[in-house]
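Heads up, the thing below is written out as structure tokens.
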Amino acid sequence: MATRRQREVLRRLALLYPDAKTALRWSNPFELLVATVLSAQSTDRRVNEVTARLFPKYPDAAAFAALDPAKLAEEIRDVGLFRTKARHLVELARRLVDEHGGSVPADRAALESLPGVGRKTANVVLANAFGEPAIAVDTHVFRVAQRLGLARGRTPEAVERGLMRVVPRRDWAAAHHWLIHHGRRVCHARRPECATCPLLDCCPTGPRLLAAGTAARRDA
DNA sequence: ATCCCGAGGG
DNA sequence: CCCTCTGGAT
């Protein structure tokens with residue numbers, strides 16, 4: 001399925017970000033779900049600090065369901081969008097208790113129907129908690145996959161399908177992290193560092209961005 | 001100043 | 001499709 005060039009891109013990514021697959025291990029699906037909801041517009045560091053305080057006090061859906069959203073908001077104040085997330089998490093926990101016996105459903109439709117859970121969060125949970133075939137596509141994954149010629153399409157779903165075709169299944173979880181890391185460190189939305197990018201010679205987009213002056217230059 | 005390791009709502 | 005919610009990184 002994958003071209004020779006695409007396989008080379010993936011090989012290099014694996015070498016560049018060897019520890020990517022060891023990120024974020026949670027002890028159960030509920031913790032993973034909460035941590036993933038918290039992670040939007042926040043750093044892993046902030047999320048880890050907050051969850052380290054949160055989970056000992058509120059270990060499961062029943063505990064979250066009993067919370068006043070305003071009180072939870074105070075406890076997660078260090079992450080972005082904290083009021084919205086607090087509201088979503090309490091309502092989400094109540095739905096888990098009412099409709100799923102307090103556990104996280106291993107089902108896409110059920111997950112996406114929960115407040116605060118969209119396609120991306122559902123995919124993270126499906127892939128990491130339940131070993132289901134899914135690749136979570138956030139803005140970094142979307143942009144970098146397109147630039148590296150691993151997937152094309154207008155929607156995250158299209159890129160998701162493209163990646164699943166090109167990436168060997170055993171690397172799906174890792175590929176998600178490779179693309180995120182590369183997006184954050186090198187392949188920025190605005191001024192990607194193509195001049196010093198280790199993937200430049202196998203990237204279909206980098207040379208064009210350099211020529212157009214869109215990319216940061218070595219001599220800039 | 002500007003953009004996000006999103007999702008809901010208008 | 002565009003806006004908003006948030007703090008943080010750059």
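First the proteins, then the strands, lettered A, B, ... as listed; each starts at 1.
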**Message:** Let me spell it out: for each of A:Arg45 and A:Thr84, pick the nucleotide of DNA chain C with the closest heavy atom. Which residue's pick is nearer the 5' end?
**Reply:** A:Thr84
**Message:** Considering every strand and a 4.0 Å limit on heavy-atom distances, what is the contact class for A:His188: base, sugar-phosphate, or nothing?
**Reply:** nothing
For residues 85-93 of chain A, run the donor-acceptor check on the side chains, cut-off 3.5 Å, and write out each pair with its distance to 0.1 Å, sequence neighbours left out.
{"unit_1": "A:Lys85", "atom_1": "NZ", "unit_2": "A:Leu38", "atom_2": "O", "d": "2.6"}
{"unit_1": "A:Lys85", "atom_1": "NZ", "unit_2": "A:Ala40", "atom_2": "O", "d": "2.6"}
{"unit_1": "A:Lys85", "atom_1": "NZ", "unit_2": "A:Gly80", "atom_2": "O", "d": "2.8"}

Let me check something: any side-chain donor-acceptor pairs from residues 101-116 of chain A under 3.5 Å, sequence neighbours excluded? List them with distances.
{"unit_1": "A:Ser103", "atom_1": "OG", "unit_2": "A:His100", "atom_2": "O", "d": "3.0"}
{"unit_1": "A:Asp107", "atom_1": "OD2", "unit_2": "A:Ala109", "atom_2": "N", "d": "3.4"}
{"unit_1": "A:Asp107", "atom_1": "OD2", "unit_2": "A:Ala110", "atom_2": "N", "d": "2.9"}
{"unit_1": "A:Arg108", "atom_1": "NH1", "unit_2": "A:Glu112", "atom_2": "OE2", "d": "3.1"}
{"unit_1": "A:Arg108", "atom_1": "NH1", "unit_2": "A:Asn123", "atom_2": "OD1", "d": "2.8"}
{"unit_1": "A:Arg108", "atom_1": "NH2", "unit_2": "A:Asn123", "atom_2": "OD1", "d": "2.7"}
{"unit_1": "A:Ser113", "atom_1": "OG", "unit_2": "A:Arg95", "atom_2": "NH2", "d": "3.1"}
{"unit_1": "A:Ser113", "atom_1": "OG", "unit_2": "A:Ala110", "atom_2": "O", "d": "2.8"}

**Request:** Take the protein atom CZ of A:Phe142 and the nucleotide atom P of B:dC4, then report the distance between them rounded to whole Å.
**Result:** 12 Å
**Asked** Counting any heavy atom closer than 4.0 Å, what does A:Arg184 reach on the DNA or RNA strands: base, sugar-phosphate only, or nothing?
**Response** base
**Complete:** With sequence neighbours left out, the residues meeting side-chain contact (heavy atoms from CB on, under 4.5 Å) with A:Arg147 are A:Arg143, A:Cys187, A:Pro192, A:Thr205, A:Leu209
**Prompt:** Please give, in whole Å, the distance from B:dA7 C1' to A:Glu157 CD?
**Reply:** 13 Å
**Request:** Report the distance from atom NE2 of A:His140 to atom P of B:dC3, rounded to the nearest whole Å.
**Result:** 13 Å
**Item:** Contacts of A:His176 that satisfy ring-ring contact (aromatic ring centres under 6.0 Å, His included) - sequence neighbours left out
**Value:** none
**Message:** Taking the C1' atom in each of C:dC2 and B:dC5, what is the distance between them to the nearest angstrom?
**Reply:** 22 Å
**Item:** Boundaries of the chain A footprint along DNA chain C (any atom under 4.0 Å from a heavy atom)
**Value:** C:dC5 to C:dT10
**Request:** Check side-chain contact (heavy atoms from CB on, under 4.5 Å) between A:Asp98 and all other residues, then give those that pass, not counting sequence neighbours.
**Result:** none
**Asked** Using a cut-off of less than 4.0 Å, is there contact between a side-chain N or O of A:Thr139 and OP1 or OP2 of B:dC5?
**Response** yes
